[in-house]
Amino acid sequence: MRISRFAVILALVLSPTNNFLYSQTPAGHEHKKAIPSTELQLTIDGKTTTVTQAELAVLPQKSVTVHNPHTQKDETYTGAALGDLLAKHGFAVGQATHRTMLRSYITAEGTDKYWVLYSVTEIEPSEHSADVIIATSMNGQPLGEDGQLKLVASADKKPQRWVRNLAAIRLVTVAE
Ligand SMILES: Nc1nc2c(c(=O)[nH]1)N[C@H]1C(S)=C(S)[C@@H](COP(=O)(O)O)O[C@H]1N2
Ligand SMILES: [Mo]
């Protein structure tokens, strides 16, 4: 009796439609539940600062429309360009820093510890055709289950490098 009750509870918890571990996304499919992101820890050359949504809101806002092959829908995300944020925090791209930029990368991590890598060259609008933004809204609405911050890259053909619940960005320059 005890075991069967336990089995029922376990089945409920592990069921992909339960509310404990999974949630519906605005687009109507399911994600593992994650801690919502509220602010961003930005680390450049080992120095970490907290970037708030208020700080992101005063940077120029950019909108990018991407096609999500999972939902089969176009999604328009709006937020600050990552390159602008890096420039504000001392990593501006110019003639003097060009070679350093070519040899630097960022890692972007969600509250669930999922993380991806971009080269800094591909997030700099002066160097690459992609837009990489820290989105704070999608189709004019809050991001909901995707947290308050989501990294979105316009040139990726799949959403695998879009980081929901974005919580940390680290910039590393690879030593020669
Ligand atoms: N924080 C976080 N972001 C993530 C993931 C994840 O597990 N955690 N998975 C990635 C992968 S592999 C894909 S394919 C897309 C799926 O996003 P979607 O379910 O919102 O379409 O999110 C990406 N961003
Ligand atoms: Mo994926």
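As the structure lists them, so they are numbered: ligands from 1, and atoms in each ligand from 1. Remember, predicted model here, so these are calculated numbers, not experimental data. What you see below is based on every heavy atom in this structure, not just the backbone, and it leaves out hydrogens, waters and symmetry mates.
- Within the 4.0 Å heavy-atom criterion, both parts of R164, backbone and side chain, lie near ligand 1.
- Within 6.0 Å of the CG atom in L117, the count of heavy atoms belonging to other residues, nucleotides or ligands exceeds 12.
- Of the heavy atoms in N68, only side-chain atoms (C-beta onward) come closer than 4.0 Å to ligand 1.
- In this structure, K158 does not count as a contact residue of ligand 1, since none of its heavy atoms falls inside 4.0 Å of the ligand.
- At a 3.5 angstrom cut-off on N or O pairs, K150 does not count as close to ligand 1.
- Atoms of ligand 1 found under 4.0 Å from any heavy atom of W162, numbered from 1 in the order shown, are 3 (N), 4 (C), 22 (O), 23 (C), 24 (N).
- Considering both main-chain and side-chain atoms, D112 comes within under 3.5 Å of ligand 1 through a nitrogen or oxygen pair.
- Salt bridge absent: E145 and R164 never bring a charged side-chain N and a carboxylate O closer than 4.0 Å.
- Applying the side-chain contact (heavy atoms from CB on, under 4.5 Å) test between L149 and each of T111, L143, V163, L40 identifies L40 as the sole match.
- Inspection of the H98 and E124 side chains reveals no N or O donor paired with an N or O acceptor under 3.5 Å.
- The closest side-chain donor-acceptor pair between Q53 and T38, if any, does not fall under 3.5 angstrom.
- For T76 and S63, the side-chain atoms include no donor-acceptor pair closer than 3.5 Å.
- Distances from ligand 1 to the non-hydrogen atoms of N165 include no value under 4.0 Å.
- Note: no N/O pair closer than 3.5 Å links Q160 and ligand 1 by distance alone.
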